[in-house]
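In what follows, a structure is listed as structure tokens, so that the remarks can point back to it.
A quick note: this is a predicted structure, and the numbers were derived from the prediction, not measured.
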Protein chains: 2
Amino acid sequence: MRTTIKDIANYTGFSVTTISLVLNNKANKIPKSTKDTILEAVEKLNYHPNRLAVGLVKKRTDTIGLIISDVSNVFFSNLAKGVEDECRKKGWNLFLCNTNDKHTRDLSYIQALADKGVDGILFCMSLDSDKKKAMESIKLFEKLKMPFVMIDRFLEEATCSSVVVDHVQGGYAATKYLLDHGHKKIGCITGPRELEDSCDRFAGYKKALDEYEVAFRKELVYEGKYDCESGATGADYLLKQDVTAIFAFNDMSAYGAYNRMNQKGIKIPEEISLIGYDDIFFSELLDVPLTTVHQPVYDMGVEAVRQLAAEVESERGSRKCITFQPVLIERASVADKKRSKIK
Amino acid sequence: MRTTIKDIANYTGFSVTTISLVLNNKANKIPKSTKDTILEAVEKLNYHPNRLAVGLVKKRTDTIGLIISDVSNVFFSNLAKGVEDECRKKGWNLFLCNTNDKHTRDLSYIQALADKGVDGILFCMSLDSDKKKAMESIKLFEKLKMPFVMIDRFLEEATCSSVVVDHVQGGYAATKYLLDHGHKKIGCITGPRELEDSCDRFAGYKKALDEYEVAFRKELVYEGKYDCESGATGADYLLKQDVTAIFAFNDMSAYGAYNRMNQKGIKIPEEISLIGYDDIFFSELLDVPLTTVHQPVYDMGVEAVRQLAAEVESERGSRKCITFQPVLIERASVADKKRSKIK
DNA sequence: CTGTTAGCGCTTTCAG
DNA sequence: CTGAAAGCGCTAACAG
């Protein structure tokens with residue numbers, strides 16, 4: 001059996017109250033001598049408080065949950081790393097929950113975590129959530145009075161903090177970079193049109209085009225699925241449109257395009273410039289390191305925990321929306337547009 | 001305030017015992033009618049048991065911990081995925097702990113998880129653990145009477161289950177494959193020599209050489225660090241030794257070698273064959289998809305949870321050591337040795 | 001079949 | 001300064 005506070009009481013002759021007091025630093029008026037005997041006993045008997053019991057009475061467990069779709073996705077694993085590192089600093093523990101983008105799992109994890117007494121939840125809504133489903137999740141949080149911060153996706157209606165990245169800016173930066181390199185026929189391989197982040201990047205793309213007074217042409221837009229395969233078919237399509245540069249809305253589809261062009265013997269960046277989005281660790285390892293838009297995922301994880309901490313401490317109120325600016329990482333996959341090419 | 005079992009008691013008029021009984025399916029002798037009223041009330045008042053309280057008395061929390069060095073490493077994130085998926089199936093929750101390979105964190109996480117009442121721990125010992133430190137961890141588990149299963153690394157002395165992969169076999173298979181393709185001068189880029197898995201792969205490499213009666217030559221061995229950079233310098237070195245094939249002990253160093261050869265204009269696999277180890281998702285996305293040794297990481301995660309479940313249920317006893325066989329994934333980075341080349 | 005009661009291990013008034 | 005006692009929400013003998 002583990003040593004309990006009672007054991008310490010018996011051993012030292014003091015009452016459990018006194019023990020508890022000194023262990024929780026509420027021992028203003030307890031003489032150093034008794035403090036010391038107690039601390040010694042704690043050491044000697046190797047006493048460690050049972051956190052379940054503590055949690056039961058304090059209604060605080062120093063534990064939070066992280067709900068994401070899939071840790072094996074590099075985006076999320078980096079996020080999780082940031083989250084866990086920050087938790088460790090705070091002396092917290094982290095529950096990891098993968099929903100695989102199933103909304104019903106969002107719901108069941110939220111409830112399960114609440115039942116286990118977490119102090120708060122970091123919530124990356126599942127992708128199959130339409131507005132109605134999203135509100136369902138939010139309502140559940142509210143019903144449970146569970147502090148939470150939304151990551152990567154945000155809902156106006158939610159009374160919570162959030163940390164997101166400005167994808168409009170990201171899309172804008174990537175496109176502008178291409179434009180600055182003289183490209184005008186810039187194809188893009190988007191993500192699924194339902195996804196807000198894809199729409200945002202698209203908005204950024206258009207904004208840059210506008211700013212440079214390059215007419216938007218919808219035949220230069222290919223709707224991909226954020227995966228390699230659709231990146232490859234996207235490249236096939238755009239090549240036929242005779243683009244000089246491709247902006248893939250995530251690195252995975254950029255890889256697909258990259259490989260396809262390689263197969264076809266099309267040189268990057270000499271013949272076609274390519275730019276990605278995400279900055280997966282792999283992108284810099286390619287033969288032609290990929291120029292891409294970096295999302296500060298790890299930092300977002302850290303910040304999310306801090307927001308949650310604020311939320312937990314202050315009993316709501318914070319409700320801040322922290323926006324991270326993505327940053328363009330210049331590598332080798334973009335070159336000036338060849339003058340030789342017509343138009 | 002959350003509804004408690006007492007609320008249900010008050011609401012239905014039955015005692016808390018009765019409620020508890022039906023909720024825990026120990027209601028053999030309780031008439032369906034009362035069962036139904038209770039279940040209805042539970043539904044209506046939206047009652048969810050407080051798991052902290054349950055855990056306190058039952059000494060079971062349906063929660064386990066996973067201690068690894070770093071989730072942002074693809075190996076571990078895939079492992080974690082397998083673990084979490086299996087946990088979900090069992091209705092368990094998962095604590096995620098990153099040690100960054102610091103042994104003291106192994107210790108503090110083990111204790112912290114125990115304090116929070118986990119039923120067991122999946123333990124991937126930190127890399128800076130020598131035998132003595134490793135035993136320290138094991139002893140702690142034993143002192144705490146905490147069920148655990150070791151993953152990826154195993155210690156004879158430990159009375160626990162473990163799931164590992166047979167790296168000797170992996171190294172053997174990779175080397176044999178190269179030999180079968182007519183290569184005799186096979187260079188290898190190992191991992192740090194302190195690491196057991198690297199030694200094992202090396203043993204497999206030698207074993208295959210022996211079997212094919214190809215003399216081992218130590219100048220064909222380059223000690224790398226399991227990263228891209230050392231892979232590149234390893235390639236530089238081995239190229240000077242005039243090898244016809246390179247076996248990199250992990251995919252990261254294989255990428256390093258791959259890129260370096262690309263830079264030098266050396267064609268893979270025409271001029272040099274290359275084989276990796278790990279089968280990171282990226283390996284198949286390369287221009288020349290990398291032939292590599294696949295470790296069934298996800299499945300290991302799943303199996304580890306099952307082992308732990310057995311351990312937890314049967315109050316020790318199992319103590320099985322499950323060995324996974326790595327499998328060679330044939331892709332495009334290995335070719336028959338050119339006859340033209342001398343020797 | 002159902003209720004009473006005693007904990008699980010800890011914190012926290014409230015007395016003294 | 002320290003201790004007794006109540007209670008967090010639940011389970012599990014033990015009665016009846």
Between Y109(B) and F95(B), does the ring centre distance come in under 6.0 Å?
no

Closest-nucleotide 5' rank along DNA chain C - winner of L23(A) and V16(B):
V16(B)

By nearest nucleotide on DNA chain C, pick out whichever of K59(B) and T34(B) is the more 5' one.
T34(B)

Could you tell me the separation between the [atom1] atom of [X] and the [atom2] atom of [N], rounded to a whole number of Å?
{"X": "R60(B)", "N": "dG9(C)", "atom1": "CZ", "atom2": "P", "answer": "17 Å"}
{"X": "L52(B)", "N": "dG7(D)", "atom1": "CG", "atom2": "C1'", "answer": "15 Å"}
{"X": "K32(A)", "N": "dC1(D)", "atom1": "NZ", "atom2": "P", "answer": "15 Å"}
{"X": "R2(A)", "N": "dC10(C)", "atom1": "CZ", "atom2": "C1'", "answer": "12 Å"}
{"X": "L45(A)", "N": "dG9(C)", "atom1": "CG", "atom2": "P", "answer": "15 Å"}
{"X": "K35(A)", "N": "dT2(D)", "atom1": "NZ", "atom2": "P", "answer": "11 Å"}
{"X": "L21(A)", "N": "dT2(D)", "atom1": "CG", "atom2": "P", "answer": "10 Å"}
{"X": "Y47(B)", "N": "dC10(D)", "atom1": "OH", "atom2": "C1'", "answer": "7 Å"}

Kindly give the heavy-atom pair with the smallest separation between [X] and [Y], and that separation in Å.
{"X": "A304(B)", "Y": "V149(B)", "value": "O-CG1, 3.8 Å"}
{"X": "F76(B)", "Y": "S69(B)", "value": "CE1-OG, 3.2 Å"}
{"X": "M300(A)", "Y": "I151(A)", "value": "CE-CG2, 4.4 Å"}

Look at all strands and tell whether G13(A) reaches a base, only sugar-phosphate, or nothing, counting heavy atoms closer than 4.0 Å.
sugar-phosphate

Contact class for T4(B) (heavy atom, under 4.0 Å): base, sugar-phosphate, or nothing?
sugar-phosphate

Using a cut-off of less than 4.0 Å, is there contact between a side-chain N or O of [X] and OP1 or OP2 of [N]?
{"X": "S20(A)", "N": "dC10(C)", "value": "no"}
{"X": "S15(B)", "N": "dT2(C)", "value": "no"}
{"X": "N50(A)", "N": "dC8(C)", "value": "no"}

Minimum-distance nucleotide to [X] side chain [options: [options]]:
{"X": "V54(A)", "options": "dT2(C), dC10(D), dT11(C)", "value": "dT11(C)"}
{"X": "T17(B)", "options": "dG3(D), dT5(C), dC8(D)", "value": "dT5(C)"}
{"X": "A53(A)", "options": "dG3(C), dG9(C), dT11(D)", "value": "dG9(C)"}

Could you check if a side-chain atom of R105(B) sits within less than 4.5 angstrom of a side-chain atom of N100(B), using non-hydrogen atoms only?
yes

